[in-house]
Amino acid sequence: MSTELTGYKPSDSVSVLKGIGPKKEKILKENGINTLEDIIYVFPRQYEDRRNLIPISEMKIGEEVLVSGKVVSKRSNFYSRTAPLSLLVQDDSAVMEVVFFNGRFLDKLFDIGTYYTFYGKASKNFDRNQLIHPQFAKTGSKDDIRGIVPVYPQISGVSQNEIRRIQRELRPLYSEAEDFIPKSIQENINLASLAYSLENLHFPTDGKKVLSAKYRMVFSELLTLETGLMYMRKGDSSQNEAAEISCAMGDRFMTKLGFELTEGQKAAWEDIKRDLESKKRMNRLLQGDVGSGKTVISEMAMISAAESGYQSVIMAPTELLAKQHLESFAKDFAPYGYRPELLISNMERKEKQRILEGIESGEIKIIIATHAVLQENVRFKKLGLVITDEQHRFGVNQRKTLSSKGDAVNVLVMTATPIPRTLAVILYGDLDVSQIRTMPKGRMPIKTSLVNPEDRRKVYDFVEEEVKKGRQAYVVSPLIEDSDRVQAASAESVYDELKDRFKGFSVGLVHGSMKQEEKDKKMEDFSNGKIDILVSTVVIEVGINVPNATVMVIENAERFGLAQLHQLRGRVGRGENESFCFLITDANNEIAIKRSEIMCQTTDGFEIAEEDLKLRGPGEIFGTRQHGLPQMIFADLSRHGDVLEKALESAKKLIDDDPKLEDADNLALKKRVKSMFGEEIELAL
Ligand code: ADP
Ligand code: MG
């Protein structure tokens, strides 16, 4: 072991290492590796098990093998720079050939009569077993390649052997790396120490020890993540007193609905009622598939608030959705003498003025809004309840801004994007969760089928039958315009095609680069039945409710994620008529096929969300960057749900006991949190 290192600290630059000159230093730095500690944190991606030496005679072609033997002959051409070096190596069982191209420089490393150990992929040269470019070492030397050998991430210009050598040099430093998990947690969970984990990850001797080291790393990443999130959200839950809202009115409203709530709706309402009627501030997430009936629940909560003298607001992600809500809320609340009002950006000045004044005076009790309500000039008299619809479209900060417009605001977050439980814990770790997993009675499942592009015509023949019956159809395509690079139907070309195909019917087009008013106009025309077939890009993903639409055609379905497909399909099947979804694709890649299969098998959004998480990984699902979720090395949110919940529990307790992480025992974790979240966490502090 190197003694030169004594005196070096984990924070020293990588350039102090032997063999790391300016060139390699630059490469390492480009890979984010600046200090010795950074190198310590470069972990093996996997391990090669090189413990079992096999006889040369038992080498199997294509397998990685570990063999050992005596060099009995060497052949190379000293005068040629490019001639291979060929060794014959013999053990008790057989003789094999070992070949190195450009072998001239290796020649001197092998002595005839000496034993070497080789590791590589077995091949054959005529009858003789062969290894080409194996790893090797003198048997019994300190460089011996036997054991469980770590395989590090590729860094171009720095070889595996070099990283292994560096780790050997840094090994004495492992015990000096700062263990940032507070002692109390360490003992509580019975976690391996950082030094133990580093040692066993870089120099594994035993599978069990590696596992406990990995567990610790997973836990520590998730603990850091959750502590950071808790830390950021502390503002939300620190104030616990909230408006007490009697829910008698909501109950009355419920009995007059004309339909009975589903079991899931009832349970959700009981949860919400309990929250609202208590002094404690409500912080609840209501998850339920598209069409599961979240809106009535929000109506029941809002009318209860109004009756108890509080203002409430529901925030929708688009103006269209807000208008849709306004229409149905106005109708539903009229018998009770409440008149909801709309607040959006696009409003006449005078009308807006009237609304703003009504909100400020407290005269307006029920407000339906877009993010326009977040503006500073919107002041409430007595805000008691805030609801966000389709929460995944809003960030945590927007939710906070809205709830800070009152002193004691109850918060209900609704989403139709069912999030697997593990992700809900992360995204909404501070929220209680209610789920509606039952659909209203009489809803017919949407018939979903997978269609080969050759049968496209049949799909549109079917669409024709439906529109002839007076129904409407959506056609979704992944792109706006045709592109040379991508072989996929664009909305524009599909639109052109269908305009010709459906003479006598009205075909409309809507896509993302249209002006908002233009889009809204088209959607409204579709909603009013003026358009029979609406061709679009994914812009129709959110919330639009057209019960008369019975067909959803998705072109190039392979280009959409599962959650997206599910959302799109949810646009149909909202009325009393049987609905259909066609996924047109000729994709032959495995994931695309799997996705389509899942779509054909189930309409349960929760099931689909779980599958989606498995197929894509969490990063892609909610755009980690967008949510500021940092990258992790060991933790995999699709597999480590149980560890996540443990970490969450510990993080909660930690932040409850020491909200600013000021205890000496917690400072190291705080530092770690900051380095994981970067700037973002500073902003939130
Ligand atoms: P989402 O959860 O997608 O917001 P909605 O609240 O828009 O769903 O509900 C979809 C439709 O189902 C609405 O027309 C609503 O009136 C109706 N609905 C809600 N609950 C029930 C129920 N229990 N029985 C029958 N129809 C219901
Ligand atoms: Mg809804």
Side-chain angles (χ1 to χ4, degrees), residues 250-273 284-303 314-318 320-335 340 366 368-370 387-394 412-419 433-446 472 474 523 527 540-550 552 563-579 581 603-606 608-609:
D251 281 332
R252 216 174 103 199
F253 181 87
M254 176 173 74
T255 59
K256 303 262 156 70
L257 274 174
F259 51 73
E260 201 186 335
L261 292 191
T262 62
E263 289 309 310
Q265 283 173 311
K266 279 185 198 158
W269 173 238
E270 286 307 314
D271 289 343
I272 290 166
K273 199 160 116 176
R284 183 167 293 279
L285 171 69
L286 176 58
Q287 284 185 286
D289 231 328
V290 171
S292 63
K294 297 181 296 297
T295 316
V296 277
I297 304 293
S298 67
E299 286 182 308
M300 283 154 63
M302 288 178 94
I303 199 167
I314 181 166
M315 183 163 74
T318 66
L320 183 69
L321 213 58
K323 284 183 192 161
Q324 242 176 38
H325 279 331
L326 181 73
E327 209 173 294
S328 58
F329 282 38
K331 200 171 71 204
D332 295 345
F333 289 154
I366 297 173
I368 295 167
T370 56
I387 302 177
T388 52
D389 197 10
E390 308 294 348
Q391 160 70 24
H392 65 291
R393 297 274 155 156
F394 300 107
L412 179 65
V413 165
M414 303 200 296
T415 177
T417 307
I419 307 164
V433 179
S434 300
Q435 294 184 332
I436 305 181
R437 299 192 72 148
T438 42
M439 280 294 191
K441 266 206 284 288
R443 236 6 104 68
M444 276 184 279
I446 301 158
Q472 290 163 282
Y474 295 97
M523 301 266 208
S527 173
I540 53 155
E541 208 184 321
V542 164
I544 186 171
N545 186 19
V546 183
N548 190 47
T550 54
M552 168 63 68
Q564 236 174 351
L565 291 173
H566 178 64
Q567 285 284 319
L568 288 170
R569 179 171 60 183
R571 301 300 123 213
V572 297
R574 310 193 124 216
E576 61 233 26
N577 298 308
E578 185 167 31
S579 293
C581 174
T603 51
D604 181 341
F606 289 94
I608 288 177

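Worth knowing before you read on, the calculation uses all heavy atoms, side chains too, and leaves out hydrogens, waters and symmetry mates. Order of listing sets the numbers, starting from 1, for every ligand and every atom in it.
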Measure [X] to ligand 1 on non-hydrogen atoms and call it side chain, backbone, both or neither using the 4.0 Å cut-off.
| X | value |
| --- | --- |
| Glu260 | backbone |
| Met414 | neither |
| Asp289 | backbone |
| Leu261 | backbone |

Should you measure from each heavy atom of [X], which atoms of ligand 1 turn up under 4.0 Å away?
| X | value |
| --- | --- |
| Thr295 | 4 (O), 5 (P), 6 (O), 7 (O) |
| Thr262 | 23 (N) |
| Arg574 | 3 (O) |

Problem set entry | Any donor-acceptor N/O pair, Glu299 side chain to Asp332 backbone, under 3.5 Å |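 Side chain of Glu299 to backbone of Asp332: no pair is present.
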Problem set entry | Donor-acceptor pair, side chain of Ser434 and main chain of Ala268, under 3.5 angstrom | no
For this session: Taking atom CD of Glu578 as the centre, report whether more than 12 heavy atoms of other residues, nucleotides or ligands fall under 6.0 Å from it.
Result: yes
Exercise. Can you say whether the rings of Phe329 and His325 are parallel (under 30°), tilted (30 to 60°) or perpendicular (over 60°)?
Worked result: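 Correct class here is tilted.
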Exercise. Is the closest side-chain heavy-atom distance between Val413 and Thr388 below 4.5 Å?
Worked result: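 A side-chain contact under 4.5 Å exists here.
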Exercise. Of Gln265, Lys273, Lys266, which is the lone residue that meets side-chain contact (heavy atoms from CB on, under 4.5 Å) with Trp269?
Worked result: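 It is Lys273, the one option of Gln265, Lys273, Lys266 that forms the side-chain contact (heavy atoms from CB on, under 4.5 Å) with Trp269.
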Problem set entry | Selection from Gly288, Pro440, Gly291 by shortest heavy-atom distance to atom 25 (C) of ligand 1 | Pro440
